[in-house]
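Residue numbers begin at 1 in each chain, while the letters A, B, ... track the order of the sequences.
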Amino acid sequence: MSETASRKFSRVLDILEKNSNDPARLIPILQQVQDDYRYLPEEVLTFIATSLDLPPAHVYGVATFYAHFTLVPKGKHILKLCDGTACHVRGSEHILSALHSRLKLSAAKHTTDDMLFTVECVSCLGACGLAPVLVVDDRVYSKVTPEAAVEIVDKIVAEEGGVPPKAASISTPKKEDAIV
Amino acid sequence: MIDASKTLSINNMIVPIGEERNLLEVARRAGIDIPTFCYHSELSIYGACRLCLVDVEGRGIVAACSTVPEPGMIVKTHTEEIRKMRKVAIELILANHDQNCTLCARNTNCRLQTLARQLGVDTVRFKRTFERRPVDRSSLSLVRDPNKCILCGDCVRACDEIQGVGVLGFAGRGAKSSVVPAFGKNIADVECVNCGLCATVCPVGALVPRDDVDDVWKEVNDPRKTLVVQIAPAVRVALSEMFGGQSGTIEVGRIIAAAKAIGFDQVYDTSFAADMTVVEEATEFIERKKKGERLPQFTSCCPAWIKYAEQFLGDFLPNLSSCRSPQQMFGSIAKKLLPEKLGIKREDIVVVAVMPCTAKKFECKQSKFRRDGQWDVDYVLTTQELARMIEEAGIRFNELQPQSFDMPFGFKTGAGIIFGASGGVTEAVLRYAVEQLKGVKLDSFEFHEVRGDENIREADFNLDGIVLRLCVVHGLANARKVADMIRKGEKQYDLIEVMACPMGCVGGAGQPVANDWEVRRNRAEGLYKADKMLQLHKAQDNHLLMEMYDKHLKGGVGGHDAHELLHTSYQNRKRIHGLTMSVSDAGNEAGLHISVCVGTSCFVRGSQALLKQIVDYITDNGLSHVVSVDATFCTENCDRGPTVCVGDKLIFKATIDEVTKTMNEQLAGVRI
């Protein structure tokens, strides 16, 4: 843990240095820091503000303006599920409930406790012909089904050295749906 | 003769173009008021509110505030199209606004209210999207009500551009935009210096001075209590504005009568205490000047400036005058001397200060100004609040017969009056110091060199070989500029007066709402007039003050008692509360903990590079599992930075060698 934390912090210093502590380069600095931390922690933002001689409120303003930035920790793997019109019509809802059920998430909780996954709904990814679309990290999956989505998650869990899921977990959402 | 090549046409009227920055200013000069929320002559141009739209032939509809005037332009300010657009803009704001005017502190002097009326907005055609959000009452000085915010950004720019603090900023975007302190924290938990400039520029009731009227009424109506009120200089040239008077009119007699009618038992003048501040501060200054120590000396009467210095200029804290502000000197002396004089118990005295200022509310509740379980000053009311008490008590202010201050703390010289205008403290100190240094009585008393309204003013005085280099500053961003120049060695001064508010206390946030340059200038002139009308102008000529020193303060001016009662000390302050950043976490195994300050002052002194060296050292020497490292945002020792805390040992002016040495010593100790 300690190696990571200190390495990360010296990366913040490197990023600031690489951008010559230039306040005009605030956005690239925040992007690079978020790449490392996966989000923008409050204390790191305050540190950046101090380093760039900007009011913390200003840095906070920039960080909250762009949807790309996040002030809450996100998981290592980010699943962006399209819920635009085309994807919605083709059943993205069911994919979402399958993912939520598999990862124990909800509309209010987007990130798993082990910080491995974040599930987000986005409005349109501009790939309506492939609907429903799920983007996992930087990879685009087309014509996704609830089962396929859960499989993708399982594969990542396995790669991360986690416990492989039981086959039953895939059908769990359906069962619940049936009860409701 | 008007030069045709330097004119334009507004509503078919030929108007000359002068130095104006934009069409809005040209129109205003021509006597046409174009409505706006976000335009302020003192602030940068923002162009957000879209109310100042005008039609420029050949260009279409543009925002007047951000259009440069050009010769030959044909401008129309209220076409049908523009009228409709302005109405829509107001309706959109109202759809997302509290709209509870009767319960608002700015009722009857709100620009949204005024414009809605002027533009004939009688219905809101849009769906109401208003969602109530919590009101921030954390600050002792200000209340922030996001439900009334119209997102004009005036407060954001004023705090950043004039005060150099930048507490407020825009967060979010689109329909979710809001103006908030960093991370959505409360005002009391960020770097706010309580100057209230945000409230001065706020066109609506989203930022208003905190209201303590109810608490004061309770004390007034408590028969056991003796109420002692002190009236600050700047109040007397502004209060009557609330009753239809002209700014700058000196109405001190009626203010005293009103205070008595409300039920205050003793009415005194803060200017008496300001005279006291002059002799204390000038004595301190002369001593420092003679020894060449801790120069420049910064004035210390402005509490917003003090908090600013405590947060951002830690290295200059030894340069601040140790004198308390006149308000606090008064409280301290009143609570000490009045029990005997009036034959009452100390705990039954309630000291109320009427001030032009919101930061004074914060100042009076600092624990260092509490003695024997009681505050030196119990409540601070702004000029606006006193006016409201007068109204509530049903007193017809303009019909009052003037009265005079009670003695002895009502007696003052002109020196204590001009404190309320920027340059006044410096001038008052000069009236004392020049006589002291030259050893002769001066016939004249006015030092016009330090008067004026420029943000940074300089004046040199040569007194038989002793040169006094003075600087007068208002606006804290300018104070920072001066501090930077001193640090770089570009400028050298002996005495620097700093006031946070534009033109000093006359422009304070507690003053009546119309608070522009013209009004402030009138009020400042009023104070200089009041000085002229008095028989005495130098604090040292205040015989009642000198008598008080002789009788009650052991050691006289600058002596033992004076130091205990009239002086204070300063502390470095954290800018933002509750932040540390784990840089290297050794987990439960951590045997040793290191904190490196990366606050502003330490940062300037290279704490960031030091932090990196420390982390590298720990990693290179395989100590990551036993040493954890934090970056903190202030250990409140800014003048001795960079500060590093290794285990239980605090190292000032730390170097990597010293830190690693201490680290190894402490680790050896842990292992044993």
Distance col, row A/Glu42:CD vs B/Lys185:NZ, nearest 0.5 angstrom, shows 4.5 Å
In this structure, CG of A/Leu71 is separated from CZ of B/Phe183 (nearest 0.5 Å) by 7.0 Å
If one checks every heavy atom of B/Asp616 against chain A at 4.5 Å, the contacting part turns out to be neither
Q.
With a 6.0 Å cut-off (strictly less than), is the heavy-atom count around NZ of A/Lys155, excluding the residue itself, greater than 12?
A. no
Would you say that more than 12 heavy atoms from the other residues, nucleotides or ligands in this model lie under 6.0 Å from the CZ of A/Arg90, or not? no
| message | Quick check: do B/Glu191 and A/Pro56 have side-chain heavy atoms less than 4.5 Å from each other? | response | yes
Smallest heavy-atom separation, B/Gly166 atom then A/Pro55 atom, equals O-CB, 3.2 Å
Shortest non-hydrogen pair, A/Ala57 vs B/Val180, comes out as CB-O, 4.4 Å
| said: Atom CD of residue position A/Gln31 - does it have more than 12 heavy atoms of other residues, nucleotides or ligands inside 6.0 Å? | reply: yes
- Message: Less than 4.5 Å apart, side chain to side chain, heavy atoms only: is that true for A/His58 and B/Val156?
- Response: no
B/Ala171 and A/Tyr60 have their tightest heavy-atom pair at CB-CE2, 3.6 Å
Just wondering, more than 12 heavy atoms not from B/Glu131 lying within 6.0 Å of its CD?
-> no
* Asked: More than 12 non-hydrogen atoms from neighbouring residues, nucleotides or ligands closer than 6.0 Å to NZ on A/Lys74, yes or no?
  -> yes
